[in-house]
Amino acid sequence: MSQVRVRFAPSPTGFLHIGGARTALFNWLFARNKKGIFVLRIEDTDQERSTKESEDVILRAMKWLGMDWDEGPETGGDYGPYRQSERLNIYKEYAQRLLGEGKAYRCFCTQEELDLQRQEAKEKGEFQGYTGKCRDLTEDQIKEYEAQGRKSVLRLRINEDEEIVINDLCRGMINFSSNEFGDFVLVKSDGFPSYNFAVVVDDMLMKISHVIIGDDHITNTPRQVMLYKAFNTKVPEFAHIPMILGNDGSRLSKRHGATSVEEYRDQGYMKDATVNYLSLLGWSPKNDQEIIEVDETIKRFSLEDVSRSPAVFDNTKLKWMNGQYIRNCEMDTLITEVSPFIDKEKYEIENKEWLAKALKIAREHMTLLTDINEQLTYFFDKTLDKTLNEEILKIFEKESAFIVVDEYIKRLEDLEADKFYYEPLRDNLKVIMNEHNIKGKDLFMPLRVALTYSTSGPGVYPMLQVLGKEHSIDRMKEFVQKVRKSNSLEA
RNA sequence: GGUCCCUUCGUCUAGUGGCCUAGGACACAGCCCUUUCAAGGCUGCGGCACGGGUUCGACUCCCGUAGGGACUACCA
C-alpha cells in the first residue's frame, strides 16, 4: 500500500477557527495513525483577504495544539512550495494543458452579464449555474473580445449526463450528476486559480492520498472529481467530516463567543484539554473513556468511527475537561502552562519549588489556567483582602476562637521551620483540641480565617505549609491584633 | 427553488436485528464525604423526530414525512 499523505489547507484570512482546528486535528491524527505524512498548505489565492499575519497566527495556533507538519511552509518538503501564491506558474501550466486539450475554454462574460443571467434563471426557477455561453467561441470572436479589452476567465467544460460517484470514507457512496454543475471557473480574470482548481492541482502534485475535510465542502468534491478526470489522474480518497455548530445549532461563528484557537489558549485552556475535547467532537474511542491522551487517540483513531452528524460545541464540557487536566497533569506541565498567566506585577514567585507547593493546593480549585491569580491572592499579603467582614467577626465572637489561634501561634513558634509539614502541624493542633475540647468547625474556622481572611479557600495545613513558619505566624498575629482592635472599638 | 448531507437524553456520544427496561460523559437536582470552598463518590432527572413497511423480533434494514444544515461566486 502506498504512503498515506494528507493535508490541512487553511486560507490565511483570519485566525485558526475551532472548526478548522478540528479538521486539522483529524488529518493529523489520521496521518500519525497511518504513519503517513501530514502536509500543511497555505491557500492564499484570495488576493483581497489573505495576509501574512493571518498565516503566522494560524501556524502559531497549530504549533500550540501540538500538530506538527512534515511538509509545509517553514518546513519545506519535496512537493513545495506550500503557499499557493508561490505556485502560480504551476497552475498556469496546468490551465494551459486543459485549454490545449479543449477540456477548458475561455469565457469573456462580464460580472454584470452573469449576474443578470443568474437573476433570470432564479426567477424562472431554472438551473442557476453557468450555461456555457462562451463554450464554443470561434477564433475570431475571441480576438474581437480581446480587442475590446475584455478580460477572460478559464472554465472547465463539463460533460453532460455524467455520473459522479464519491465513495466517502465516513459516509459511503454519494452520487451526483454532472448536469447539476455549471462550467465553473478554473482561472480567475486576475490570473489566480480558483479554489477548486488550485486544490486539485496541488493535491494531485503533492500526491495527497486522502482528503479529509469538512462536509460543507461536499458539493465541491464532485467538481474536483471532474477535474481529476480531466487531468486523467487518480482520484484521492475522500472523507467528509461533520461540521461543528454553535449552541443554537447554526454554523459556529463569532456570535457564539470565542471561536479562535488562540482565544481559548488566552482564556486559560490547556492545549491537551483542548485537543482532547476537539477529538471527541465527531469521533469516539467507542468505550466510555472521556479523558484520553493524545498518543492513545492517535492509536485508536479511524475515519470509519467518525460520526456523520454535526456536533454542537459545548464550552461547559470543555471547561470541565480543562479542570481535569489542571488537576491531573504532571506538575512540570502545569508549571509550564500556568506560568505565563501569573500576574508578575502582583506576584513574585520565589522559585519553582514554592510554585509547585502552591499549585498543589491551587490546582484543586482551578478550572482555567487564568484562575491561578485568584488562587495566589491567599499567599501574598500585597493582594490579600484583609477586610474584617461580618462573617469573620462573627466567628470571633466566641472566646474559643481566640484560644485556638493564640495557642496555635505559641506552638508554631516552638516548631522548627523545617517541621512545617502535615504531621507536626496536625499533632500540635490536636493537643489544643484535646486540652480545650474544641473541635470541628470551631477549631479550623478561626485558623483558616486568621490565615486567609476568608471562610472558604485552601485547607489550613496546606496553607501553613505554603506560607512557611514566619509568614504564617506573622499573619495570624496581625489578624488577631486587628480583630481585638475592632472589638474594643465596638465595645 | 434545485442538489447533497444529517437526525439516540438540553449537549457530546455508545449502540451495526434479539445482550436495550437504550449505556457513559457534561450540565442540573439530591445525598454522602468533609475544618470551608472545591474536588471526589453515590443516586436521580432525561432520549431512539414522526409514519409506514421488512422481520418471529427493530434504535439498528427499506420507503416516505417533518426538521436541521451545507452548497448553489471570478470566496476559500
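Atom set for the values below is all heavy atoms of this structure, side chains included, hydrogens, waters and symmetry mates excluded.
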Once side chain to side chain donor-acceptor pair (under 3.5 Å) is applied, do any residues pair with A/D427, and if so which ones, sequence neighbours excluded? none
By the side-chain hydrogen bond (donor to acceptor under 3.5 Å, both in side chains) test, which pairs, at least two apart or in different chains, include something from residues 14-27 of chain A? none
Step by step, would you call A/F479 with A/Y408 a ring pair (Phe, Tyr, Trp, His ring centres under 6.0 Å)? CA-CA 13 Å; A/F479 174 85; A/Y408 202 43; over 10 Å; no
For a quick check of understanding: with a heavy-atom distance under 4.0 Å over all strands, which category does A/G282 fall into, base, sugar-phosphate or nothing? sugar-phosphate
Tell me which residues in residues 148-159 of chain A lie within less than 4.0 Å of RNA chain B, going by non-hydrogen atoms. A/V153, A/R155
Test of understanding: with salt bridge (Lys or Arg N to Asp or Glu O under 4.0 Å), list the residues that count as partners of A/R327, not counting sequence neighbours. none
Give a yes/no answer on whether the side chain of A/K439 brings an N or O atom under 4.0 Å of OP1 or OP2 in B/rU35. no
For A/K398, look at atom NZ and say whether over 12 heavy atoms of other residues, nucleotides or ligands are found less than 6.0 Å away. no
Sugar-phosphate means primed atoms, P, OP1 and OP2; the rest is base. With that split, encode nucleotides 18-32 of chain B 5' to 3' as B, S or - using protein heavy atoms under 4.0 Å. ------BBSS-----
Any residue meeting side-chain contact (heavy atoms from CB on, under 4.5 Å) with A/N287, in chain and number order, not counting sequence neighbours: A/P285, A/Q289, A/R300
side-chain N/O A/K188 vs B/rC75 OP1/OP2, d < 4.0 Å: yes
With sequence neighbours excluded, what pairs up with A/Q96 under the side-chain contact (heavy atoms from CB on, under 4.5 Å) test? A/L99
Rounded distance in Å between the P positions of B/rG68 and B/rG15: 28 Å
Integer angstrom distance from the C1' of B/rU60 to that of B/rG44: 29 Å
For B/rA73 and A/R118 - does any side-chain N or O of the residue sit under 4.0 Å from the phosphate oxygens OP1/OP2? yes
By side-chain contact (heavy atoms from CB on, under 4.5 Å), A/T367 pairs with (sequence neighbours left out) A/K319, A/D371
Taking only side-chain nitrogens and oxygens of A/R448, does any of them come within less than 4.0 Å of OP1 or OP2 of B/rA38? no
Re B/rG67: Watson-Crick or G-U wobble partner, both distances kept under 3.5 Å, found to be B/rC6
Using the salt bridge (Lys or Arg N to Asp or Glu O under 4.0 Å) criterion, which residues pair with A/E391? Sequence neighbours excluded. none
Across the strands shown, which category fits A/S284 at heavy-atom distances under 4.0 angstrom: base, sugar-phosphate, nothing? sugar-phosphate
Where along nucleotides 42-48 of chain B does protein come under 4.0 Å, by heavy atom, of base (B) or sugar-phosphate alone (S), with - for untouched nucleotides? -------
Do A/S189 side-chain and B/rC74 base share a donor-acceptor contact under 3.5 Å? yes
Contacts of A/D190 that satisfy salt bridge (Lys or Arg N to Asp or Glu O under 4.0 Å) - sequence neighbours left out: none
A/T45 vs B/rA76: side-chain N/O to OP1/OP2 distance below 4.0 Å: yes
Reading nucleotides 62-68 of chain B 5' to 3', which nucleotides get B (base under 4.0 Å from a protein heavy atom), which S (sugar-phosphate only), which -? -------
Do A/V405 and A/L447 come close enough that some side-chain heavy atom pair is under 4.5 Å? yes
For the CD atom on A/E435, are there more than 12 heavy atoms of other groups (residues, nucleotides or ligands in this structure) within a distance under 6.0 Å? yes
Determine the Euclidean distance between corresponding C1' atoms of B/rU55 and B/rC6; express it in Å to zero decimal places. 27 Å
Answer with base, sugar-phosphate or nothing: what part of the nucleic acid does A/C109 contact at a heavy-atom distance below 4.0 Å? base
Touch check for A/L281, heavy atoms < 4.0 angstrom, all strands: base, sugar-phosphate only, or nothing? sugar-phosphate
